[in-house]
Amino acid sequence: MKGWQQFWRQLSLFGLLALALTGCGKDELSTLKPSGPVAAMQYDLMKLSSAIMIGVFIVVMLIFTYVLIRYRKRPGQQGIPKQVEGNHALEILWTVIPFLLLIVMAVPTVTTGFELHKSYSKEEALQVKVTAHQFWWEFEYPDLGVSTAQDLVIPVGKKVQFTVTSADVMHAFWIPALGGKIDTNPGQENKIWLQADKTGTFYGKCAELCGASHALMDFKVEVMDQAAFDSWTNGMKGIQSAEPAVATSASAAQGQEIFNKSCLGCHAVAGKGGKMGPNLTNFADRERVAGILAHTPENVAEWLKDPQKVKPGNNMPNLNLDDTQVKALVDYLQTLSVK
Amino acid sequence: MSAHASHAPKRSGLWDWLTTVDHKKIAILYLIAGGIFFLAGGFEALLIRLQLMYPESSVVGAKTFNELITMHGTTMIFLAAMPIIFALMNAVVPLQIGARDVAFPFVNSLGFWLFFFGGVLLNTSWFLGGAPDAGWTSYTTLALNQFSGHGVDFYVLGLQIAGLGTLIGGINFLVTIINMRAPGMTFMRMPMFTWASFVTSGLILFAFPAITVGLVLLMFDRLFGGNFFNPDAGGNVVIWEHIFWIFGHPEVYILILPAFGVISEVISTFARKRLFGYSSMVFATALIGFLGFMVWAHHMFTTGLGAIANTLFGLATMLIAVPTGIKIFNWLLTMWGGQIRFTTANLWAVGFIPTFTIGGMTGVMLAIPPADYQYHDSYFVVAHFHYVIVGGLVFGLFSGLYYWWPKMFGKLLNETLGKWNFWTFFIGFHLTFFPQHFLGLMGMPRRVFTYLKDQNLDLGNFISTIGAFGMTIGTILFVVNIFVTAASSKRAPADPWDGRSLEWAIPSPPPEYNFAQTPLVRGLDAFWIEKVAGNKGMTPAEPLGDIHMPSPSFLPFLMSVGLFIAGYGFMYHNYVVVVIGLLVTFACMFTRSVKDDPGYHIHEDEIEEKGVKA
């Protein structure tokens with residue numbers, strides 16, 4: 001009976017597996033819903049290898065189930081079973097078959113492996129330099145003269161060649177739906193190319209334990225059509241070469257004053273400011289606050305009041321702002337847009 | 001020889017345990033200490049799962065969570081799994097090869113106490129300003145002073161001390177198995193568990209020096225301002241990964257091979273058949289041991305080693321599926337044509353087969369580098385290695401414990417409780433870890449203390465946590481079983497399972513000298529051969545005579561305490577304490593070197609009085 005119980009359990013596990021592999025998870029996040037050629041090639045390898053493995057598992061389970069039912073000890077059974085030393089033919093068989101299966105998997109492994117490791121020049125692909133920090137992402141477009149943070153903006157249908165590194169500890173750059181993943185090693189540069197085949201917002205993650213807020217080191221990938229991307233770049237370029245615009249409303253102007261006094265040392269806006277923290281030039285256009293919170297004035301305020309509460313262990317000090325200062329800053333930050 | 005004392009120094013109670021050099025008692029010490037650390041690591045795991053039960057929950061904070069995952073991994077690998085393996089090896093290997101003792105009883109005891117004090121040192125971090133929080137892999141630069149707390153110092157020093165214990169334990173078993181086999185016990189007649197222990201000990205010999213070197217370098221970086229791993233000063237972070245995994249990958253096989261050994265013993269005993277394809281099993285074990293050293297970089301596919309390195313290491317890794325497959329099919333064919341009894345020990349062994357097969361399959365999938373770029377550092381990996389380490393090793397250990405408990409303690413564990421233990425743990429296990437494959441594929445990175453809503457990760461995590469409760473219940477039932485068994489007065493017979501190897505030829509528990517007369521081995525499954533031939537026991541290979549025994553000693557305990565004290569001295573930069581601690585250790589080493597201790601004899605008439613025959 002135990003054999004049957006096990007059989008049904010395994011069968012239901014299979015059901016789950018089949019169900020899951022036919023597609024589940026969130027479109028913007030799941031590796032099972034590839035939205036670009038890299039993720040698609042990887043997904044093909046996953047399907048091939050899991051199909052072979054499930055085949056092997058079925059064979060093992062058939063023998064397993066048969067053996068457990070057929071050869072369980074029955075009451076009143078007498079005598080000693082025949083002691084079998086082995087069987088050369090069988091042993092060779094189950095050595096050779098796995099070899100053949102491995103060769104089937106090895107061929108696409110090699111070809112895809114080299115395909116994914118190609119490095120594309122600036123004529124062939126958009127170049128983006130990624131620097132990981134505790135706990136945010138910096139994106140530079142060296143050929144466009146633009147930099148941003150937290151929200152990566154790329155054009156649809158075009159290869160993007162990333163050069164990644166880290167400013168502090170090891171992180172890993174991962175956009176599951178577009179393909180994955182590469183470590184960002186301090187003191188070294190790694191390369192990975194990705195491409196998005198449809199517009200929209202994809203989720204990016206840090207995959208390597210990097211400290212207290214590792215779990216919160218998310219970013220977003222905005223995929224636009226080429227025209228929108230060009231207009232975004234132009235907007236960014238225009239601002240980054242200019243002086244920061246003077247805020248219009250009174251509250252925002254007060255916020256700008258606070259910002260220039262307390263924040264500009266670490267954060268850049270337009271062409272001015274430090275590089276310790278994320279570049280805030282297009283802050284108001286971003287999908288999320290700090291990569292995780294919905295982009296609402298309340299959440300911006302929450303972050304400003306106590307950054308440690310939102311992202312434990314991050315490097316932004318608590319500025320001990322009072323409520324009016326916070327509100328003024330929020331108003332100012334909401335004006336930082338290139339759209 | 002006349003200088004030898006003729007009687008055992010009388011020792012009792014705690015003093016007996018602190019000074020024992022008897023491998024069977026050391027086995028029990030390993031089991032108790034490893035068991036307690038297993039419960040601690042399990043408790044940490046439960047807190048991890050509670051925190052992840054719902055999105056954005058705050059059962060424990062972010063920093064505490066990182067401490068929990070670090071300590072869970074470190075504790076389970078170094079302080080729970082390894083010692084319990086050593087418990088079984090100590091309890092069984094000398095008996096299986098027909099030896100009176102291990103080769104170096106004193107070193108055996110030292111190995112235990114070093115592991116014990118290293119583990120205690122590591123765990124005191126919880127009370128002394130925070131546990132290590134850089135992951136059990138302690139990747140630099142996160143594990144350097146600038147980015148992590150004092151906890152990592154505990155990791156660095158605790159593991160050095162515990163690792164020394166493991167290393168000398170491994171050397172001891174290599175020598176024991178090579179030198180102490182009974183007449184007729186050729187290598188190709190050794191039981192599979194002994195073979196597995198042999199290969200494992202060889203892996204320990206080559207793998208542990210690597211982690212020791214790594215830990216020393218990291219210690220210099222952290223305590224003395226070295227710059228081996230600091231890129232700002234010309235150090236290299238990837239070197240740490242290489243050093244760690246050139247130990248860490250063989251470590252996986254150090255863990256799993258003994259489990260393979262247990263499964264081979266249990267399945268053949270309860271199917272009443274000799275192991276199918278014994279020689280190919282031996283070959284597979286050795287091959288897995290060898291390949292284990294060739295594939296460490298598959299933990300580093302995303303580090304940026306390049307296409308050529310990744311592809312070569314990927315293909316080499318896939319090859320391990322071949323010997324592992326040989327094993328799986330040999331076990332199935334061992335049961336073929338047998339008379340399978342579903343005792344608790346065998347339930348664990350039978351449950352091991354599909355579970356470990358799943359772990360092995362995902363292992364092959366992970367060996368494909370381009371696909372691994374998606375799996376790496378995601379919950380898919382978490383699911384994979386728990387299928388291998390829990391579904392493989394822990395199932396194997398439970399199987400071995402139920403199987404050899406009567407030999408170790410003279411009492412049979414309760415079968416009813418045992419079956420409840422198995423089913424709750426087995427179902428809980430699959431419920432916990434099966435959904436994690438999909439969580440990983442759906443984009444959940446590992447080692448995250450929380451996940452946001454609306455990412456479709458809620459259900460999988462919820463089921464996973466429910467499963468963890470099942471495993472907890474199973475574990476509690478096992479502890480209950482131990483107490484119920486201890487309270488019962490029923491004694492186990494010498495050979496409760498109709499066993500096949502030598503350990504079942506002597507009483508349960510065995511006398512301190514194991515075999516009154518060294519047995520003569522006439523083939524594989526030595527005891528089974530005698531039983532089938534109609535003999536009552538083993539044919540002795542020597543006449544009954546005085547048995548030489550090693551003296552108990554308090555020195556191993558003291559030596560370990562010395563290093564324990566020195567460890568704190570290093571961590572708090574108090575070099576007076578360092579010197580005191582090291583002096584204690586060196587004084588013990590000096591004493592051991594100059595004091596002549598020839599041991600003692602158990603006389604022939606004493607053996608006969610007790611009525612114990614081989």
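The model shown is predicted, which means the values in this text are computed figures rather than measured ones. Naming convention: chains lettered A, B, ... in sequence-line order (proteins, then strands); numbering from 1 in each chain.
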**Student:** Which atoms of L524(B) come close to chain A, meaning under 4.5 Å heavy atom to heavy atom: side chain ones, backbone ones, both, or neither?
**Tutor:** neither

**Student:** How about L29(A) and N456(B): do any of their side-chain heavy atoms sit closer than 4.5 Å?
**Tutor:** no

**Student:** With a 4.5 angstrom heavy-atom cut-off, is it the side chain or the backbone of L116(A) that approaches chain B, or both, or neither?
**Tutor:** side chain

**Student:** Report, by ascending residue number, the residues of residues 331-338 of chain B in heavy-atom contact with chain A at a distance under 4.5 Å; give 'none' if the set is empty.
**Tutor:** L332(B), L333(B), M335(B), W336(B), G337(B), G338(B)

**Student:** Would you please indicate if the ring centroids of H117(A) and Y373(B) are separated by under 6.0 Å?
**Tutor:** yes

**Student:** What part of I326(B) is in contact with chain A, defined as an atom under 4.5 angstrom from a non-hydrogen atom: side chain, backbone, both or neither?
**Tutor:** both

**Student:** Any side-chain heavy atom of W528(B) within less than 4.5 Å of one from I80(A)?
**Tutor:** yes

**Student:** Side chains of P369(B) and T109(A): closer than 4.5 Å at any heavy-atom pair?
**Tutor:** yes

**Student:** Using a 4.5 angstrom heavy-atom cutoff, name the option from A62(B), G460(B), S279(B) with the most pairs to chain A.
**Tutor:** A62(B)

**Student:** Mind checking whether F329(B) and L90(A) have side chains closer than 4.5 Å, heavy atoms only?
**Tutor:** no

**Student:** Which atoms of E56(B) are under 4.5 Å from chain A, going by heavy atoms: the side chain, the backbone, both sets, or neither?
**Tutor:** neither

**Student:** Looking only at atom types and distance, does a side-chain atom of D183(A) sit under 3.5 Å from a main-chain N or O of G304(B), one as donor and one as acceptor?
**Tutor:** no

**Student:** Taking V56(A), V164(A), L216(A) one by one, which has the highest count of heavy-atom pairs under 4.5 Å against chain B?
**Tutor:** L216(A)

**Student:** With chain A as the partner, which of D377(B), V364(B), V448(B) has the greatest number of non-hydrogen pairs under 4.5 Å?
**Tutor:** D377(B)

**Student:** Looking only at heavy atoms, what is the nearest atom pair of P445(B) and A207(A), with distance?
**Tutor:** CB-CA, 4.1 Å

**Student:** If you count heavy-atom pairs under 4.5 Å with chain B, which of A106(A), G211(A), G187(A) comes out on top?
**Tutor:** G211(A)

**Student:** Just verifying a value: how many Å separate D168(A) CG and L142(B) CG, rounded to the nearest 0.5 Å?
**Tutor:** 9.5 Å

**Student:** With chain B as the partner, which of V110(A), I182(A), V84(A), V38(A) has the greatest number of non-hydrogen pairs under 4.5 Å?
**Tutor:** V84(A)

**Student:** Any chance you could measure K205(A), atom NZ, to S378(B), atom OG, to the nearest 0.5 Å?
**Tutor:** 12.0 Å

**Student:** Strictly less than 4.5 Å between heavy atoms, which residues of residues 270-277 of chain B line up against chain A? Please order them by number.
**Tutor:** A271(B), R272(B), K273(B), R274(B), L275(B), F276(B), G277(B)

**Student:** Please walk me through it: do M170(A) and T141(B) pass side chain to side chain contact (heavy atoms under 4.5 Å, CB included)?
**Tutor:** CA-CA 7 Å; M170(A) 204 173 272; T141(B) 49; 5.8 Å; no

**Student:** Name the option with the most non-hydrogen atom pairs under 4.5 Å to chain B; the candidates are V169(A), N87(A), I175(A).
**Tutor:** V169(A)

**Student:** Relative to chain B, which segment of P186(A) carries a heavy atom at a distance below 4.5 Å: side chain, backbone, both, or neither?
**Tutor:** both

**Student:** If you round to the nearest 0.5 Å, how far is CD of Q83(A) from OG of S268(B)?
**Tutor:** 8.5 Å

**Student:** Which bit of A39(A) is near chain B, if near means a heavy-atom gap under 4.5 Å: side chain, backbone, both or neither?
**Tutor:** both

**Student:** Is there a donor in the side chain of T31(A) and an acceptor in the side chain of Q374(B), or the other way round, less than 3.5 Å apart?
**Tutor:** no

**Student:** Let me know if F173(A) has heavy atoms under 4.5 Å from chain B in its side chain, its backbone, both or neither.
**Tutor:** neither

**Student:** Pick whichever of M53(A), K26(A), E115(A), R70(A) has the most heavy-atom pairs under 4.5 Å with chain B.
**Tutor:** M53(A)

**Student:** Please check if the number of heavy atoms outside F99(A) that lie under 6.0 Å from its CZ is greater than 12.
**Tutor:** no

**Student:** Search all heavy atoms of W174(A) against all heavy atoms of G440(B) and return the closest pair with its distance.
**Tutor:** CH2-O, 3.9 Å

**Student:** Need one label for Q77(A): side chain, backbone, both or neither, based on atoms under 4.5 Å from any heavy atom in chain B.
**Tutor:** side chain

**Student:** What's the spacing between T357(B) OG1 and F57(A) CZ if we round to 0.5 Å?
**Tutor:** 6.5 Å

**Student:** Are there over 12 heavy-atom neighbours, none belonging to Q308(A), within less than 6.0 Å of that residue's CD?
**Tutor:** yes

**Student:** Where does A143(B) contact chain A at under 4.5 Å (heavy atoms): side chain, backbone, both or neither?
**Tutor:** neither

**Student:** So do P354(B) and M61(A) actually touch side chain to side chain, heavy atoms under 4.5 Å?
**Tutor:** yes

**Student:** Would you mind checking which part of E189(A) comes under 4.5 Å of any heavy atom in chain B, side chain (CB onward), backbone (N, CA, C, O), both or neither?
**Tutor:** neither

**Student:** Can you tell me which of G135(B), S280(B), P323(B) forms the most heavy-atom pairs within a distance under 4.5 Å of chain A?
**Tutor:** S280(B)

**Student:** To the nearest 0.5 Å, how far apart are OG1 in T450(B) and NE2 in H214(A)?
**Tutor:** 12.0 Å

**Student:** To the nearest 0.5 angstrom, please state how far the OH atom of Y375(B) sits from the CD atom of Q42(A).
**Tutor:** 9.5 Å

**Student:** Under 4.5 Å, counting heavy-atom pairs only, tell me which of H437(B), R446(B), H376(B), K63(B) racks up the most with chain A.
**Tutor:** H376(B)

**Student:** When you measure from the side chain of Q188(A) to the backbone N and O of T303(B), does any donor-acceptor pair fall under 3.5 Å?
**Tutor:** no

**Student:** Sort N310(B) into side chain, backbone, both or neither according to what part of it lies under 4.5 angstrom from a heavy atom of chain A.
**Tutor:** side chain

**Student:** Would you check if W94(A) and N330(B) make a side-chain contact, meaning some heavy-atom pair closer than 4.5 Å?
**Tutor:** yes

**Student:** Quick one: do R74(A) and Q339(B) satisfy side chain to side chain contact (heavy atoms under 4.5 Å, CB included)? Show the steps, please.
**Tutor:** CA-CA 8 Å; R74(A) 293 179 176 78; Q339(B) 299 166 1; over 6 Å; no

**Student:** Would you mind checking which part of E91(A) comes under 4.5 Å of any heavy atom in chain B, side chain (CB onward), backbone (N, CA, C, O), both or neither?
**Tutor:** side chain

**Student:** Counting heavy-atom pairs under 4.5 Å to chain B, which of L209(A), L101(A), N190(A) comes out on top?
**Tutor:** L209(A)

**Student:** Counting heavy-atom pairs under 4.5 Å to chain A, which of I69(B), V237(B), T137(B), N236(B) comes out on top?
**Tutor:** V237(B)

**Student:** For P231(B), is it the side chain, the backbone, both, or neither that has a heavy atom closer than 4.5 Å to a heavy atom of chain A?
**Tutor:** side chain

**Student:** For atom CG of L93(A), is the number of surrounding heavy atoms from other residues, nucleotides or ligands below 6.0 Å larger than 12?
**Tutor:** yes

**Student:** Can you say whether I368(B) sits under 4.5 Å from chain A via the side chain, the backbone, both, or neither, judging by heavy atoms?
**Tutor:** both

